[in-house]
**Student:** 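Dropping the structure in here first, questions after.
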Amino acid sequence: MHALERLLVTLATLQVRRPFLVVLVAVCSMVPSAWLAAGLEVRTGFGELLPDTSASVVEHRKVSTRLASQSTLAVTAEGKDTAVLKRFLVEITPKLRELPKEWVSSVDNGPREATQFFEKHKHLYADLADVEQLHRDVIERYDWEVGRELDLNLDDEPPPAFDPKAISARLERKLTEAKESAPGTDGYYLGEGGKFAVIMLRTPLGSTDQRAFEMQARIAKIVEQAGYTKADPSFRYGFAGSLVTGAEQYRAVTRDLTEVGAIGFVLVLLVVYLFFLRFRVLGVMGLSIAIGCLWCFAFAELTVGHLNAATSFLISIVAGNGINAMVVYMARYLEARRSESLAVPEAVRAASLGTYQGTLAAAVVSVAAYGALMLTEFRGFRHFGVIGAAGMMLCWVATYCVLPAFLVLCERWRPLAGSRDFRDRLAGMYGRPFVWLAKRFALPVSIVGVLLAVGSAALTLLYFKGDPMEYNLRHMRNDQLSETSAGKLGSRVNDLAGRLNQSGRAVVVDRLDQVQPLVKELERIRNAAPAEKKPFGAVASIYSLLPTDQEKKLQLWREIIERTDKAEKKGLLADEDLKLIQEHLPKSLEPIGPADLPPLVARPFEEKDGSRGRIVYVAPTRGKSLYDARYLMLWADSFREVRLPNGDIIRGTGEAVIFSDMLQYIARDAPRVTLVSFIGTALVILLAFRGRRGGFLALGSLSLGVTSLVAVLYLTNAKLNFLNFVALPIAIGVGADYAVNVMKRRELEGEEGMERAFIETGGAVVACSMTTLCGYAALLFSINGAVRSMGFAAAVGELATQLSAMLVLPAVLYIAARRRLRTNLAKPAGSAPPSP
């Protein structure tokens with residue numbers, strides 16, 4: 001008896017003699033574990049899936065510390081009365097500006113303030129060519145008038161008289177263009193024929209900050225108190241923008257993970273009850289798996305510190321997988337008590353010593369598969385591996401350290417009957433159909449298994465040779481929550497207020513002198529791209545709001561004013577001509593810079609410290625969807641790293657760059673992780689069987705199950721994403737449990753007890769598979785497409801590995817056993833049979 005067996009015997013003896021003490025310690029451990037687990041924060045941002053050293057994540061954190069606004073919130077209103085909507089825009093905007101500064105950095109109800117500023121400085125915003133033409137007109141008129149005064153014009157024709165309409169058109173052409181291209185109506189975000197109004201807020205709150213709902217409620221109260229429905233019964237308001245969208249998604253995810261975890265836990269316990277048909281077993285195993293899960297997530301809090309989009313649904317998976325060792329243990333314990341009529345101490349000892357090798361090997365195999373995920377830099381995989389591996393081992397520990405004590409207490413309260421009853425016979429029925437099929441149709445099942453192995457291997461190669469990645473991000477998002485949700489309103493807000501307001505990504509530079517070279521380089525990149533592959537649309541900086549060629553225009557205006565003054569003093573111009581010119585002369589001849597822009601106009605380009613101008617916004621191409629990952633990657637690659645003419649490198653960030661990086665990490669790491677997982681699992685299996693034939697048979701069964709999973713993914717056109725990819729290493733690790741447990745029990749029983757091993761341990765294996773399947777099936781109830789895809793892929797892998805272990809593997813063993821039997825019968829009497 002080696003050290004582990006001696007430890008298990010010591011534990012079994014302690015739990016038989018002092019069950020109350022063991023249970024008390026276990027229950028007491030639940031209190032700090034629950035406290036730690038409750039402190040786990042769920043972080044749903046894609047940046048949480050990438051390594052801390054990723055350039056996009058580093059830049060994102062750097063930029064976040066500088067931006068005054070982290071997200072946007074659009075307050076929308078719609079109704080039949082345009083006048084009521086205008087009132088809404090005028091009255092609500094100043095009230096929103098009074099909200100706490102930690103909530104709101106700016107409020108904008110339209111381009112009116114910008115238009116007024118442009119009109120005030122129209123002499124600078126006018127096209128240079130128009131100013132030059134006006135300059136020529138004034139100079140020519142002045143020179144002609146001077147020539148006429150000195151009688152020097154001879155027969156020259158006088159220049160045309162000043163045309164008020166022509167002068168006005170030249171000076172206001174640019175302003176007119178700005179007004180026509182400005183969103184909304186009458187300087188307000190008022191569109192859809194005057195039936196839809198928007199107030200845009202920029203906020204320091206992050207896109208998942210749950211204070212968004214408090215802010216939303218405060219704004220709702222402000223709007224409702226205004227009583228617009230009295231004037232227009234059709235009036236209704238809503239919210240859109242990245243703040244409320246992100247907050248809605250975060251709240252939905254946290255609620256969803258709780259519901260999915262609860263559904264998974266209940267389904268797992270339901271399978272346990274249907275297998276054992278004993279409430280005491282249900283209670284004992286429910287408490288034991290609850291302790292194991294609490295230990296697991298307490299460990300997660302101590303090591304990782306939070307859950308991300310990939311690990312937040314692990315409770316269902318840990319419960320479904322972790323309970324497998326308990327099912328095998330309980331099946332062996334009941335077998336010892338009912339079939340072998342052993343007393344409680346002997347039954348506990350028999351269950352501990354008779355199952356630990358198979359369950360430990362299976363747990364270690366699962367840990368090896370999860371461990372492969374830890375080898376990647378991608379935190380989504382690494383954290384999944386850490387928590388999953390811990391869950392498997394801690395649930396195994398709970399099986400042998402906690403479960404027996406609960407059983408002993410139950411036996412003291414109400415001992416099990418000494419004879420088998422219908423429940424034991426029903427439990428055996430779980431494995432009997434597989435044994436009957438494998439035994440009765442051993443050759444056909446084996447042939448089908450071989451053909452399936454060849455076909456699945458070919459389809460697996462085709463799947464990975466092609467591009468297995470998911471590029472439609474709609475398949476990975478949460479389901480639309482309601483027709484009036486922020487997601488539905490977002491596209492209407494984009495059409496009215498512009499995509500730059502909603503979807504533009506900020507690129508932050510270190511110095512002002514880098515801004516214009518960056519804009520020019522980005523425009524060069526955009527213009528050089530083919531029409532169908534334009535990586536982005538508008539590029540906006542604070543200089544986009546300032547007039548060009550200011551010095552040239554100011555010099556022309558100085559000369560215009562100088563000649564006009566001279567003409568006035570000399571009386572060379574008619575009063576009406578002079579008045580016409582002077583109406584358009586600027587009051588100031590100073591250039592304007594970023595500091596002169598009105599606060600509301602410049603607010604998007606201001607940083608937390610108040611500095612202006614070092615932010616450049618890059619908007620997506622019109623007509624391109626941000627749910628198309630291929631376009632998202634094209635967009636991200638265009639501004640993730642831009643080299644300026646002087647050699648400076650400007651790095652961009654944001655969701656587009658982060659998600660693009662995430663896809664690249666998955667595409668790079670997926671094949672490697674899968675291979676390492678398989679190699680690690682194979683080594684554990686071969687070591688557990690010490691290189692005997694049983695290990696190779698278990699490995700072959702596993703290979704068939706995993707390649708069958710990939711074949712189904714190929715045939716159903718199911719693509720890999722940041723979450724469902726982990727179904728592959730999990731299928732390798734968890735799927736190995738079944739072949740390992742069956743082969744271990746077959747080794748213990750020998751060839752004579754092979755059928756009993758398949759029926760009894762096989763029945764427990766089927767129950768294990770069903771509990772694991774329930775853990776995965778619970779994911780199908782999620783509102784998130786990526787989580788559902790994970791549930792589907794993992795469930796298919798579970799079924800494939802289980803059928804391989806419970807049907808194809810026994811069929812091959814029966815054929816081998818019959819061949820040995822025929823060989824032995826053909827030998828002369830007295831010959832020693834070969835060892836199995």
**Student:** If you look at every heavy atom in Pro51 and Tyr665, which pair is closest and at what distance?
**Tutor:**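 Answer, listing the atom of Pro51 first, then Tyr665: CG-OH, 3.3 Å.
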**Student:** For Phe696, I'd like to know if atom CZ has over 12 heavy atoms of other residues, nucleotides or ligands within 6.0 Å.
**Tutor:**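 No, because the 6.0 Å sphere around CZ of Phe696 holds 12 heavy atoms or fewer from other groups.
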**Student:** Heavy-atom count check: over 12 atoms from other residues, nucleotides or ligands less than 6.0 Å from Phe781 CZ?
**Tutor:**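 Count not over threshold, so no.
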**Student:** Can you establish whether the number of heavy atoms outside Lys719 located under 6.0 Å from its atom NZ is more than 12?
**Tutor:** yes
**Student:** Can you list everything that forms a ring pair (Phe, Tyr, Trp, His ring centres under 6.0 Å) with Phe378? Sequence neighbours excluded, please.
**Tutor:** Phe381
**Student:** In Å, rounded to the nearest 0.5 Å, how long is the span from CG of Asn324 to OG1 of Thr399?
**Tutor:** 9.5 Å
**Student:** Indicate the atoms forming the closest heavy-atom contact of Met633 with Ser660, along with that distance.
**Tutor:**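 Heavy atoms of Met633 and Ser660 come nearest at CG-OG, 3.6 Å.
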**Student:** Tell me the closest heavy-atom pair linking Phe297 and Leu314, and the distance in Å.
**Tutor:** CZ-C, 3.9 Å
**Student:** I'd like to know whether CZ of Arg440 has more than 12 heavy-atom contacts from other residues, nucleotides or ligands below 6.0 angstrom.
**Tutor:**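 Not buried by this count: 12 neighbours or fewer within 6.0 Å.
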**Student:** Which distance, rounded to the nearest 0.5 Å, do you find between the SG of Cys774 and the CG of Leu269?
**Tutor:**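 Cys774 SG to Leu269 CG: 10.0 Å, rounded to 0.5 Å.
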**Student:** Can you confirm if the aromatic rings of Trp295 and Phe299 lie within a centre distance of less than 6.0 Å?
**Tutor:** no
**Student:** Any side-chain heavy-atom pair from Val710 and Leu459 closer than 4.5 angstrom?
**Tutor:**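 Side chain of Val710 against side chain of Leu459, heavy atoms only: no contact under 4.5 Å found.
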**Student:** Measuring from atom CH2 of Trp396 to atom OH of Tyr329, what distance do you get when rounded to the nearest 0.5 angstrom?
**Tutor:** 11.0 Å
**Student:** Sort out for me which residue in Asn321, Ile289, Val271 forms a side-chain contact (heavy atoms from CB on, under 4.5 Å) with Thr771.
**Tutor:** Val271
**Student:** What's the shortest heavy-atom distance between Ser352 and Leu8, and which atoms?
**Tutor:** O-CD1, 4.1 Å
**Student:** Could you check whether any side-chain heavy atom of Thr674 comes within less than 4.5 Å of a side-chain heavy atom of Phe725, counting everything from C-beta outward?
**Tutor:** yes
**Student:** Under a 3.5 Å cutoff, is there a donor and acceptor pairing between the side chains of Tyr400 and Thr355?
**Tutor:**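 Yes, because at least one side-chain N or O of Tyr400 sits under 3.5 Å from a partner of the opposite role on Thr355.
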**Student:** Does the side chain of Leu723 come within less than 4.5 Å of Val787's, by heavy atoms?
**Tutor:**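 When only atoms from C-beta onward are counted, Leu723 and Val787 do touch, with a gap below 4.5 Å.
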**Student:** So how far is it from Leu720 CG to Tyr463 OH, rounded to the nearest 0.5 Å?
**Tutor:** 3.5 Å
**Student:** What is the distance from atom CG of Leu702 to atom CG of Leu809, rounded to the nearest 0.5 Å?
**Tutor:**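 If I round to the nearest 0.5 Å, the distance is 11.0 Å.
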**Student:** How long is the span from the CG atom in Leu282 to the CE atom in Met330, to the nearest 0.5 Å?
**Tutor:**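 It is 10.0 Å, given to the nearest 0.5 Å.
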**Student:** Identify the two heavy atoms, one from Ala793 and one from Leu709, that lie closest to each other, and give their separation to 0.1 Å.
**Tutor:**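 Reported closest heavy-atom pair: O-CD1, 3.2 Å.
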**Student:** Tell me, do Phe313 and Leu307 make a side-chain contact under 4.5 Å, heavy atoms counted?
**Tutor:** no
**Student:** Is there side-chain contact between His475 and Asn721, with at least one heavy-atom pair below 4.5 Å?
**Tutor:** no
**Student:** Using side-chain heavy atoms (C-beta onward) and a distance below 4.5 Å, is Thr772 in contact with Gln802?
**Tutor:**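 Side-chain contact under 4.5 Å: no.
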**Student:** With the side chain counted from C-beta on, respond yes when Glu798 and Ser769 share a heavy-atom pair under 4.5 Å apart, and no when they do not.
**Tutor:**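 They are in contact (side-chain heavy atoms under 4.5 Å apart), so the answer is yes.
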**Student:** Taking all atoms of both residues into account, what is the closest heavy-atom pair of Pro810 and Ala805, and its distance?
**Tutor:**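 So the minimum-distance heavy-atom pair works out to CD-O, 3.1 Å.
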**Student:** Can you find a pair of side-chain heavy atoms, one from Thr716 and one from Val796, that are under 4.5 Å apart?
**Tutor:** no
